[in-house]
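Quick caveat, the model's predicted, so the values are computed rather than measured. Chain letters run A, B, ... following the sequence lines, proteins first, then strands; residues in each count from 1.
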Number of protein chains: 2
Amino acid sequence: MTRRRQVAAQTIQEQTYQALRRAILDGEFVPGRAMTIRGIAEDLDISPTPVREALRRLVAERALTLSGTGRVSVPVMDREKLADLVKARICLEKQAAMDAVPGITAAELRRLVRLNDAIDGAIAAGNQRRYLVTHRDFHFSLYRLGGGGVFLPLIESVWLQFSPFLRYTLSQEHLAQYNASDRHVEIIAAAEARDANALGFAVEADIRHGLGALVESDWSAHAAEGDVVAAP
Amino acid sequence: MTRRRQVAAQTIQEQTYQALRRAILDGEFVPGRAMTIRGIAEDLDISPTPVREALRRLVAERALTLSGTGRVSVPVMDREKLADLVKARICLEKQAAMDAVPGITAAELRRLVRLNDAIDGAIAAGNQRRYLVTHRDFHFSLYRLGGGGVFLPLIESVWLQFSPFLRYTLSQEHLAQYNASDRHVEIIAAAEARDANALGFAVEADIRHGLGALVESDWSAHAAEGDVVAAP
DNA sequence: GGATACAATATGTGATCACAAATTTCTGCC
DNA sequence: GGCAGAAATTTGTGATCACATATTGTATCC
């Protein structure tokens with residue numbers, strides 16, 4: 001594999017970044033627990049340089065946080081931050097959904113329906129990781145339909161910030177409660193109707209009902225820092 | 001200087017990042033013109049490593065863009081992107097301003113007044129760079145008063161994306177037009193009244209009247225890529 | 001002047017190294 | 001067991017290197 005950027009070939013740095021990003025989004029790193037450059041490099045069987053650069057990127061995107069001594073970890077969640085992430089999601093994702101309306105096709109609608117079915121399946125199976133992946137895919141399939149240059153990176157940064165926390169916080173009860181009132185169906189209906197206002201409101205309601213409900217709910221300090229017992 | 005993070009000491013990487021970030025915000029890099037790691041390292045009299053890492057951060061923050069061959073440059077502006085940046089500013093900064101209301105003090109209000117005077121001075125002097133600096137300071141002095149963990153980095157990323165373009169686009173005419181209807185005075189009045197709704201609307205009006213007005217205005221392709229003749 | 005081919009030079013990338021500081025482990029004492 | 005201190009080890013940082021690729025410069029031809 002050459003080192004240059006070609007359509008299929010990617011730099012080691014980019015591959016490392018994507019692997020770490022995916023792992024963070026899927027909640028594979030315990031919040032608060034430091035990772036080491038050399039540890040990741042050994043895991044991936046590469047030199048530390050691309051790891052360093054990938055970590056820099058993820059810190060810049062707020063997926064990771066840098067300690068006073070240069071150590072890197074997934075940040076621990078707190079209630080104020082969670083409330084801010086909900087607000088950020090609402091303003092950004094509402095706008096992104098509305099901007100997506102001109103790009104909605106029948107194929108995209110079918111995709112959304114399929115993904116929502118997959119979300120239901122993940123919840124029924126109690127599979128948190130699959131829930132995170134399909135849920136994320138559902139939302140981003142919609143937002144990607146608008147212009148992707150400005151809003152998508154902002155939204156991605158926000159998702160990087162709350163997803164690890166979700167992995168350790170969402171109980172079966174939360175998921176069932178969330179799914180009992182399926183706002184995704186409303187999102188799909190508004191998208192089908194190409195009604196930007198209804199779509200914006202449906203996305204906002206989904207966020208408030210989902211992540212927003214966690215702001216006031218009871219999650220232990222351990223869940224915020226990653227419940228070691230519950231870790232896979 | 002020790003390499004560890006102490007209250008006063010910063011890593012070379014962090015200093016490099018801050019210097020580059022400042023230069024980008026102040027429009028010192030011509031959009032579209034590639035910079036080189038070794039060039040910056042030579043300018044700053046350091047090795048390429050911290051430059052690489054700083055550039056990675058700035059790419060992640062969308063201040064810089066990476067070409068297919070790994071080259072880094074300040075992105076060229078286009079109309080759709082500018083419109084999206086305006087939308088992103090409105091939703092993010094409106095929320096951040098409203099969240100800032102509980103933190104407004106008399107000293108902060110005096111600071112905003114002083115900064116608005118400085119903006120007027122920069123416009124009267126036809127000093128674009130000073131305008132960019134004071135204008136930015138005005139806005140961020142307000143937004144910093146709310147929780148800084150989520151919204152500030154998002155807003156900073158957006159500002160990193162449009163500020164270089166402003167440097168090469170804003171004419172005296174634009175600045176005078178912008179300042180003829182001083183929305184900052186309205187922002188200050190709403191802040192003084194601790195009226196979150198009025199403040200949110202004032203911030204939105206300011207953005208629409210300022211950056212928003214540029215979406216429909218006539219700026220040449222050269223300005224989007226940085227007008228070499230007009231460069232300092 | 002423009003196009004082409006080739007040579008020279010520059011560039012980004014990943015690897016490796018050295019070193020100061022941070023962290024962990026070990027030892028001795030109460 | 002807890003605490004303190006020392007020793008050992010690990011870690012992040014910046015520097016440097018090698019190399020494949022990209023870019024620039026030069027020569028030649030039409």
Answer yes or no: is there a side-chain heavy-atom contact under 4.5 Å between A:Ser141 and A:Leu112?
yes
Could you check how far CZ of B:Arg33 sits from C1' of D:dT23, rounded to whole Å?
16 Å
Check this one for me: any side-chain N or O of A:Arg56 less than 4.0 Å away from OP1 or OP2 of D:dT13?
yes
Mind checking whether A:Tyr143 and A:Phe140 have parallel, tilted or perpendicular rings, split at 30° and 60°?
perpendicular
Within less than 4.0 Å of OP1 or OP2 of C:dA15, is there a side-chain N or O belonging to A:Ser47?
yes
Find the distance B:Leu64:CG to C:dG12:P and express it as a whole number of Å.
12 Å
Record whether the side chain of A:Thr69 comes under 3.5 Å of the base of C:dA22 through a donor-acceptor pair of N or O atoms.
no
In whole angstrom, what separates A:Ile46's CD1 from C:dT16's C1'?
14 Å
Give me, pair by pair, the N or O atoms of the protein and of nucleotides 9-11 of chain D that are less than 3.5 Å apart, along with how far apart they are.
{"residue": "D:dT11", "atom": "O3'", "partner": "A:Arg71", "partner atom": "NE", "Å": "3.3"}

Would you name the heavy atoms of B:Ser163 and B:Leu132 that are closest together and state the gap between them?
O-CD1, 4.2 Å
Rounded off to whole Å, could you give me the CG-to-C1' distance for the B:Asp45 and D:dA15 pair?
13 Å
Return no unless some side-chain N or O of B:Thr49 is found under 4.0 Å from OP1 or OP2 of D:dG14.
no
Just how far, in rounded Å, is C1' of C:dA20 from CD of B:Gln10?
18 Å
Exercise: identify the closest heavy-atom pair between B:Glu61 and B:Leu160:
OE1-CD1, 3.6 Å
Spacing of A:Glu14 atom CD relative to C:dG12 atom P, expressed in whole Å:
16 Å
Look at B:Glu28 together with B:Arg129 and state whether they make a salt bridge at an N to O cut-off of under 4.0 Å.
yes
Distance in angstrom units between B:Leu55 CG and C:dG14 C1', rounded
17 Å
In whole angstroms, how far is the P atom of D:dT21 from the CD atom of A:Gln13?
18 Å
With no angle test and no hydrogens, is the base of D:dG14 tied to the side chain of A:Arg52 by a donor-acceptor pair under 3.5 Å?
yes
Look at the rings of B:Tyr131 and B:His135 and say which category their plane angle falls in: under 30° parallel, 30 to 60° tilted, over 60° perpendicular.
parallel
Set of side chain to side chain donor-acceptor pair (under 3.5 Å) partners for B:Arg57, sequence neighbours left out
B:Gln13, B:Glu14
